[in-house]
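Presented below is the structure to which this report refers.
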Amino acid sequence: MKSFTYERVDTPAAATAAFARTPGARFIAGGTNLLDLMKLEIETPGHLIDVSRIGLDRIEPTSDGGIRIGAMVRNTDLAADAQIRRDYGLVSRALVAGASGQLRNKATTAGNLLQRTRCPYFYDTNQPCNKRKPGSGCAAIGGFSRIHAIVGASDACIATHPSDMAVAMQALDAAVETIDTAGKTRRIALADFYRAPANTPHLETVLAPGELITAVTLPKPVGGTHIYHKVRDRASYAFALISVGAVVQRDGRGHVAIGGVGYKPWRIKAADAELPRGAKAATAALLAGAKTTHENAYKLPLVERTLASVLAQAKG
Amino acid sequence: MKFDTPATNNPIDQLKVVGKPTNRIDGPLKTTGTAPYAYERHDVVPNQAYGYVVGSAIAKGKIDSIDLKEAKAAPGVLAVVTAASAEMLGKGDFNTAKLLGGPEIQHYHQAIALVVAESFEQARAAAALVRVQYTRAKGNFDLATSLDGAVKPPAVFGTEPDSRFGDFDAAFASAPVKLDARYTTPDHSHAMMEPHASIASWDGDRLTLWTSNQMIAWSAGDVAKTLGIAKDKVRLVSPYIGGGFGGKLFVRSDAILAALGAKAAGRPVKVALPRPLMINNTTHRPATIQRIRLGATTDGKLTAIGHESWSGDLKGGGPETAVGQTRLLYAAPNRMTAMRLAVLDLPEGNAMRAPGEAPGLMALEIAIDEMAEKLGMDPVAFRVLNDTQVDPEKPERPFSQRRLNECLSIGAEKFGWKDRNPKPGLARDGRWLVGTGVAAAFRNNINEKSAARVRLDRNGLVIVETDMTDIGTGSYTIIAQTAAEMLGVPLTQVEVRLGDSLFPVSAGSGGQWGANSSTAGVYAACAQLRTAIVEKLGLDPADAVFEKGRVRLGGKSVALAKAAGGGEIVAEDLMEYGDLAQRFQQSTFGAHFVEAAVDAATGEIRIRRMLAVCAAGRILNPKAARSQVIGAMTMGAGAALMEELAVDKRFGFFVNHDLAGYEVPVHADIPSQEVIFLDEVDPTTSPMKAKGVGELGICGVAAAVANAVYHATGIRVRNYPVTLDKLLDKLPDVA
Ligand SMILES: Cc1cc2nc3c(=O)[nH]c(=O)nc-3n(C[C@H](O)[C@H](O)[C@H](O)COP(=O)(O)OP(=O)(O)OC[C@H]3O[C@@H](n4cnc5c(N)ncnc54)[C@H](O)[C@@H]3O)c2cc1C
Ligand code: SF4
């Protein structure tokens with residue numbers, strides 16, 4: 001770990017102002033991802049701005065009947081919130097399928113969206129990795145790639161985004177609210193939030209330097225049956241090989257997002273339209289153009305089969 | 001004391017303390033976090049500095065240059081050690097690769113430097129500033145493509161690489177029912193909780209290492225040899241060990257580098273291996289490729305058993321002895337086994353819990369299941385039918401005790417085996433396909449000579465000193481139980497001191513020999529102490545009775561405290577062994593039963609319940625023994641379902657080198673476990689009449705799981721771990 005300086009701020013404006021003073025700084029929330037990466041010198045910020053106590057810890061209704069989740073709401077609190085459980089059960093289920101109780105107590109909504117990949121080569125600074133060190137190559141291509149992406153990847157990077165919560169939010173049409181260093185706020189659909197790796201896998205989101213996430217919003221509840229099926233080798237405390245987050249209505253229509261297959265939770269509107277026709281049709285739309293390695297080709301049938309199981313469960 | 005005739009009645013047989021389910025005497029320390037593990041020995045010596053290990057970034061080749069300028073100039077740095085500065089470093093007898101590499105690099109993450117600084121953070125930050133230029137050499141990292149070059153290795157601990165009996169080729173060729181199948185087991189990591197860690201302190205030319213090590217005498221010797229100093233100048237202290245599983249049988253780089261760092265910095269230095277370094281820097285259980293051929297008559301009698309195993313290791317290393325159990329487990333008049341060893345440039349392989357048997361049974365016990373199915377026989381009945389009471393390769397040699405059939409039948413009864421539909425793939429519970437599997441467990445018993453010193457102090461307290469280690473197994477407690485039984489005192493009147501090279505040399509912890517061997521050593525010392533006490537009282541030792549803190553003889557009864565009133569009474573002895581282990585085949589047996597469910601859609605596998613029935617001689621502490629077995633069953637479940645070091649065959653290293661990537665079971669994976677011990681004593685093993693269970697517990701577990709998955713799905717997976725990607729294309733269609 002490189003030595004760094006640290007400050008704690010108490011408002012969002014103070015956070016972005018602190019960043020403007022110290023470019024190259026990082027915000028730290030729960031620290032459950034950032035600190036691990038710093039210990040391994042995968043991230044080496046010279047300054048940390050602690051945003052964990054800037055307010056933004058409330059869950060409140062929005063004017064259009066939806067809900068606004070403060071960026072600093074802890075994963076545990078979000079999963080346990082009565083309204084979330086009632087109207088956005090998918091979020092709650094996805095959260096409790098992730099990490100462990102201790103980690104969820106620390107982890108925040110914003111931090112969860114911004115957690116970085118679990119590609120093992122990314123974690124080993126001796127290995128080439130374009131995401132960690134642009135231009136150095138990608139060790140996962142041609143290497144151990146069982147957990148890697150099958151859609152949206154590039155020749156520069158085949159990493160997946162590991163978040164469970166983000167899969168649920170993607171299925172529920174979430175949007176991210178931010179404030180930048182100039183004090184300007186904006187709203188970004190989660191669907192547009194993550195950047196495809198292309199030739200720049202180290203750039204993962206559309207956030208500008210110093211742009212702070214203040215909240216995640218979810219639109220009006222859509223009802224339906226909410227199912228999150230996380231598939232993994234061990235029963236708990238493991239990242240998803242793939243996951244399916246689905247909201248299915250009685251008539252068979254619904255929304256679906258897939259985790260563990262791409263650089264972001266994978267949602268294709270055309271696939272939603274296919275849902276009433278079943279898992280095969282929906283998966284064909286979801287994973288059109290998929291590119292697999294010898295080690296992760298199993299994800300193609302796995303997505304289809306898991307989705308089929310989820311749809312069957314939704315029928316009850 | 002020499003143990004060369006089967007034990008007769010002795011004070012242990014009173015079973016007032018021994019054999020009773022007993023809480024660990026070190027339990028309160030463990031549960032309150034106050035057991036002093038090596039890295040936390042802040043109390044033992046002041047002014048400790050921190051060392052951080054730099055591991056090689058390449059798997060094979062050489063270091064062209066190391067630039068230490070930046071590292072040395074970094075804040076807090078006190079010293080940097082490299083192979084160049086640590087001249088003339090030797091290599092321990094138990095190590096294959098050097099613990100401090102350079103200029104030649106033998107494997108990935110081989111230690112090449114230690115940075116010592118005032119704080120851990122400073123040492124770690126400066127370690128990242130060590131600039132190394134390498135030239136890579138081409139290495140061999142793929143076992144599967146190395147089989148042709150594999151050679152017959154030398155014998156390992158007396159186990160010959162090959163064996164032949166009868167005429168295997170002819171018998172197999174003519175057998176009416178045959179199986180010829182290939183199985184693979186991957187590299188495994190011990191993944192124990194406590195990392196390898198040491199604090200080193202020099203006093204002139206004397207070195208003290210507070211460390212975490214299973215084998216004190218071996219390791220004190222290897223430290224001395226590596227550093228080129230006399231063995232009597234080295235003291236190793238290792239009273240508490242947070243798991244070892246064979247990964248701490250040997251000296252590793254933490255100890256050697258702490259010693260070198262302390263010398264260079266002129267003050268005590270502590271070093272722990274960070275998790276990502278443990279996997280490639282230390283040892284692992286090597287992967288195997290195994291071919292098993294079985295021939296049987298149509299009524300289920302095995303006529304031919306052939307088992308070949310290939311594994312790899314660094315040059316100078318040894319094979320994974322995966323065929324050992326096959327020489328002893330089932331009867332058949334025609335047999336062959338063979339081990340071949342390939343040179344691989346991966347990190348060095350070595351012992352991990354039940355080396356040999358664990359991966360060997362992973363294959364053999366699937367093969368037996370497959371053969372039973374070919375024969376249309378129940379897998380329990382097939383095993384029972386092919387039992388042998390003698391060493392099949394030396395029929396004149398009986399087993400000292402062999403109750404495998406009882407383990408199988410009692411287990412079948414308890415588990416409800418008879419309700420099982422023999423046809424696979426038929427039982428369903430909602431979206432789950434449900435199946436059951438069985439496997440035999442087998443692990444040899446080993447006796448190692450072991451010494452102890454016992455003191456009776458003026459307060460009547462019995463103090464036992466031996467360099468035996470407690471790796472979480474419960475050694476403290478069974479040793480206290482042994483001394484309490486021998487001297488007729490309550491457990492609270494015994495104090496056990498372990499893991500210090502100043503104490504008499506014990507068997508140490510490995511090969512499941514620790515429990516029987518170390519307590520036998522304590523038995524011998526206690527027998528001496530009894531004699532010394534009685535002689536001190538001027539009595540004839542033969543008929544003395546030690547009970548309730550007193551020694552009684554005829555009408556006379558003296559409190560032990562009083563006997564030692566004139567000064568502490570001390571006795572020391574060593575238990576050695578004659579040829580009983582040659583005359584009798586001493587082994588431990590068990591049967592594992594597993595119920596597993598497989599998600600019909602996703603192929604996710606979840607164990608539902610596990611049962612082990614073990615026959616392993618006298619169980620000294622049923623509570624600790626049960627813990628050993630359920631822990632081993634858990635480890636076996638990991639081997640079955642998730643544990644695999646992923647080899648990068650281009651760069652030559654284990655990629656998933658942390659506990660996020662190398663998955664071991666969590667609580668949710670293990671819903672229900674039951675253990676039954678058969679009531680058994682084995683008078684041929686020692687006066688304790690005990691054997692070991694710590695390794696028996698893992699043997700066969702993975703195959704029982706794999707067999708249950710087969711029974712649930714009808715899909716036979718022969719390549720471990722059994723993961724969902726290996727099932728998916730054969731699972732029933734989903735709508
Ligand atoms: C052992 C382990 C197991 C795990 N298992 C799972 C799992 O199964 N499923 C899963 O989904 N996750 C899992 N996680 C990941 C966990 O969910 C994340 O670490 C956590 O959500 C990150 O939140 P945090 O608040 O701690 O983020 P931090 O570590 O504080 O920050 C993460 C990133 O977000 C940035 N950031 C934080 N807040 C803001 C903000 N308001 N605006 C802009 N940038 C911000 C930081 O600069 C940093 O780059 C696991 C983690 C661990 C350590
Ligand atoms: S997949 Fe991406 S993160 Fe992994 S090694 Fe390649 S570039 Fe790095």
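FYI, side chains are in, hydrogens and waters are out, and symmetry mates aren't considered; it's all heavy atoms of this structure.
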Measure [X] against the heavy atoms of chain B and call it side chain, backbone, both or neither at under 4.5 Å.
X	result
A/A312	neither
A/K299	neither
A/L241	side chain
A/E295	neither

If you take all heavy atoms of [X] and [Y], which pair is closest and at what distance?
X	Y	value
B/R606	A/D233	NH1-O, 3.3 Å
B/A668	A/S236	CB-CB, 3.8 Å
A/R232	B/E604	N-OE2, 3.5 Å
B/E663	A/A238	OE2-CB, 3.5 Å
B/P276	A/L40	CG-CD2, 4.5 Å
A/R305	B/A601	NE-O, 2.6 Å

- Item | Heavy-atom pairs under 4.5 Å with chain B, option from A/G142, A/A297, A/P120 with the top count | A/G142
Under a 4.5 Å cutoff for heavy-atom pairs, which residue among [options] has the most contacts with chain A?
options	answer
B/G603, B/G661, B/A646	B/A646
B/G638, B/A125, B/A637, B/A127	B/A125
B/D729, B/D658, B/L641, B/V664	B/V664

- Item | side-chain contact (heavy atoms from CB on, under 4.5 Å) evaluation trace for A/R146 with B/T723 | CA-CA 12 Å; A/R146 182 168 182 263; B/T723 46; 3.6 Å; yes
Near [X] [atom1], under 6.0 Å, is it more than 12 heavy atoms from other residues, nucleotides or ligands?
X	atom1	answer
B/R428	CZ	yes
B/R650	CZ	yes
B/K726	NZ	yes

- Task: Start with the C-alpha distance between B/L728 and A/Y298, add both sets of side-chain angles, then the distance that settles side-chain contact (heavy atoms from CB on, under 4.5 Å), and finish with yes or no.
- Result: CA-CA 7 Å; B/L728 276 183; A/Y298 73 93; 4.2 Å; yes
Is [X] close to chain A through its backbone or its side chain, or both, or neither, when contacts mean heavy atoms under 4.5 Å?
X	result
B/V647	neither
B/D599	side chain
B/I607	neither
B/H657	side chain
B/A600	backbone
B/L727	neither

- Query: Between atom OH of A/Y123 and atom CG of B/N656, what is the distance when rounded to the nearest 0.5 Å?
  - Reply: 14.0 Å
- Query: Atom OG1 of B/T602 and atom CG of A/L307: how far apart are they, to the nearest 0.5 Å?
  - Reply: 12.5 Å
Side chains of [X] and [Y]: does their closest heavy-atom pair fall under 4.5 Å?
X	Y	result
B/R124	A/E41	no
A/F144	B/D648	no
A/L302	B/D725	no

- Does a side chain donor of either A/N126 or B/Y108 reach within less than 3.5 Å of an acceptor in the other side chain? yes
- Task: Would you confirm whether A/R234, through its side chain, and B/D669, through its main-chain N or O, come within 3.5 Å as a donor-acceptor pair?
- Result: no
